[in-house]
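Residue numbers start from 1 in every chain, and the chains themselves are labelled A, B, ... in the order their sequence lines are given, proteins ahead of strands.
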Number of protein chains: 2
Amino acid sequence: MPLSPDEPALPPLVRPTVQDAIRRDIIAGVLTPGARVTEASLAQRYDVSRVPVREALRGLESEGFIDSRPHVGSRVAAIPVHDADDLFAVREALEVSTARSAARRAAALYSGDESPEDWWRLRRQIAGLLDAGDAHVAAGDLDPLVGINDQIHIAIAELSGSATLTRLLRQLSWKIEWLYAADMQSRGKRLWPDHRVIVGAIDAGDGERAAALMAAHVRESRIGYLSRYGITRPSSDPEVAAAVRQQQGGAPDGARPGADTVGA
Amino acid sequence: MPLSPDEPALPPLVRPTVQDAIRRDIIAGVLTPGARVTEASLAQRYDVSRVPVREALRGLESEGFIDSRPHVGSRVAAIPVHDADDLFAVREALEVSTARSAARRAAALYSGDESPEDWWRLRRQIAGLLDAGDAHVAAGDLDPLVGINDQIHIAIAELSGSATLTRLLRQLSWKIEWLYAADMQSRGKRLWPDHRVIVGAIDAGDGERAAALMAAHVRESRIGYLSRYGITRPSSDPEVAAAVRQQQGGAPDGARPGADTVGA
DNA sequence: AGAAGGACGATTGCATACAATCACTCTGGT
DNA sequence: ACCAGAGTGATTGTATGCAATCGTCCTTCT
């Protein structure tokens with residue numbers, strides 16, 4: 001397991017903006033879909049002026065968390081639950097690409113073709129996340145696993161070196177996290193051990209294996225969500241749809257095929 | 001061909017913002033990658049205050065067109081040419097999903113399950129775009145085809161009813177348009193007739209056929225780009241890579257395997 | 001001569017103030 | 001009773017002004 005250059009791995013630079021704060025509150029359910037959010041109220045809430053709030057709203061609008069009409073106002077957007085299957089399908093393609101590219105980059109790295117700065121920092125960060133997740137699994141508290149899970153996937157995307165893919169994946173992750181809403185802390189238990197295997201394939205520089213593993217991993221996550229939240233329409237992927245039916249037959253407790261859009 | 005409810009199809013609401021103007025100039029190459037863009041200069045350039053410029057820059061930053069560092073300034077981002085293949089791969093998944101969902105929605109529409117307002121407006125818009133494209137092809141001026149092409153794909157995505165997918169596709173389209181940069185007006189000639197066939201499958205409510213047609217369509221576009229701009233690494237998709245090699249062997253004129261990132 | 005330290009200029013970040021626009025309500029008429 | 005229209009309040013859109021921060025150049029000490 002190659003992890004040689006060791007230095008104080010400090011985060012590159014991060015500014016906790018108002019946009020991040022609002023987004024977090026939306027995903028956490030503090031700001032419910034359909035709720036009217038005026039610039040003044042948000043400004044008071046986060047103790048800043050209206051200007052940074054406006055900038056945050058524009059950003060969140062282009063991310064799909066806010067619906068805004070000129071001269072009228074802004075509302076928290078509806079949770080895209082009926083897009084869920086499509087979202088997972090796209091996420092599958094995205095993550096498969098990032099995993100493959102990351103592994104290829106690792107191979108190029110070991111052969112000495114390139115040696116970027118960020119690589120080791122990210123690789124070290126992933127190692128830390130894996131260990132932290134293992135500790136939580138061992139301790140039995142699955143709550144933090146959701147966040148750690150997302151961070152690992154994002155870090156793998158960054159490892160691929162594609163800023164565009166990373167950005168798209170980050171947006172998708174936020175949406176999926178929003179879908180999962182609150183109660184979903186148990187999903188990671190089954191899927192957690194996959195991560196270490198995927199990272200292993202990346203380290204080995206085996207692009208196709210990394211891609212295949214990531215595909216299976218994301219797919220299982222997709223099946224888990226759909227079987228739990230019983231979406232109105234069956235999955236577009238026949239295999240996924242079949243797996244969902246099977247899994248729902250075994251545990252039809254949490255399925256709620258009625259609601260299509262969460263509003264307020 | 002169902003196209004019954006006819007009304008004045010006015011666009012819902014669009015505000016030509018500073019953000020759109022700047023993005024257009026970046027894609028068009030007026031603002032070159034690496035160029036420093038200060039808020040003051042942009043404010044003067046577009047004849048507004050710094051406040052709208054700031055909002056635009058934040059939005060463009062989250063779209064990946066601007067790299068911004070706090071208290072330092074902003075630069076036009078680098079064109080992600082080495083991501084090209086991955087971008088197309090994700091676009092493939094995205095557009096296949098939208099085409100399938102659009103067709104399913106059409107089927108549900110005809111069976112009377114739902115009847116949304118926007119559907120006919122979008123469907124009419126697509127019809128107009130198809131006719132306009134045909135006219136341009138007949139007249140021989142292929143310049144506007146690029147824009148019309150993008151509009152059709154976006155409209156199909158909107159037809160799918162998924163705002164999230166539409167937004168992601170729009171971001172991807174901008175990036176790919178940026179990749180194509182200036183010289184690429186001839187690409188649409190071969191691919192143009194596909195659109196009418198895809199729309200036909202959607203109208204017929206045949207989701208799988210629409211998905212398959214869209215997959216082939218986007219894939220050919222991907223092969224066309226890669227064979228022309230000869231990216232450093234071969235495509236991750238073996239079939240695509242083989243097709244690129246074959247096409248490059250026939251016309252190795254425009255290939256330039258050197259440059260990996262366009263900067264200034 | 002080279003390097004460390006400080007001051008200046010430029011630019012961003014933010015707050016306040018004002019103008020433009022829209023939704024709502026109340027009034028008047030048919 | 002219902003509809004049309006003007007007025008009003010609330011909210012967004014924009015401009016200006018000031019404070020905070022960073023990069024750079026010059027000075028100064030070793």
Would you tabulate the pairs of protein nitrogen or oxygen atoms and nucleotide nitrogen or oxygen atoms of nucleotides 15-17 of chain C closer than 3.5 angstrom?
| unit_1 | atom_1 | unit_2 | atom_2 | d |
| --- | --- | --- | --- | --- |
| C:dA15 | OP2 | A:Ser49 | N | 2.4 |

Checking B:Val48 against B:Val53 for the side-chain contact (heavy atoms from CB on, under 4.5 Å) test, could you report, in this order, the C-alpha distance in whole Å, the side-chain angles of both residues, the deciding distance, and whether it holds? CA-CA 8 Å; B:Val48 287; B:Val53 169; 3.9 Å; yes
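One atom, CG of B:Leu42, and another, C1' of C:dT11, lie 13 Å apart when rounded to the nearest Å. Distance CD (A:Glu61) to P (D:dG13): 9 Å, rounded to an integer number of Å. B:His71 places its NE2 atom 16 Å from the P atom of D:dA19, with the value rounded to the nearest Å. At whole-Å resolution of the value, CD in A:Glu39 and C1' in C:dC22 are 14 Å apart. Protein atom CD of B:Glu55 is 13 Å distant from nucleotide atom P of C:dC14, rounded to whole Å. Across the protein-nucleic acid pair, B:Arg54 atom CZ and D:dT16 atom C1' stand 14 Å apart, rounded to whole Å.
Using a 4.0 Å cut-off, no side-chain N or O of A:Arg58 falls inside it from OP1 or OP2 of D:dT12.
A donor-acceptor pair under 3.5 Å is formed between the side chain of A:Arg105 and the backbone N or O of A:Leu159.
Shown here are the side-chain hydrogen bond (donor to acceptor under 3.5 Å, both in side chains) partners of B:Arg167, two or more places apart in sequence or in another chain: there are none.
Ring-plane geometry between A:Trp178 and A:Phe65 is classed as tilted, the angle between the planes lying from 30 to 60 degrees on a 0 to 90 degree scale.
Under a 4.0 Å N-O distance rule, the pair A:Arg58/A:Glu61 qualifies as a salt bridge.
Looking only at atom types and distance, the side chain of B:Glu158 has no donor-acceptor partner in the side chain of B:Gln125 under 3.5 Å away.
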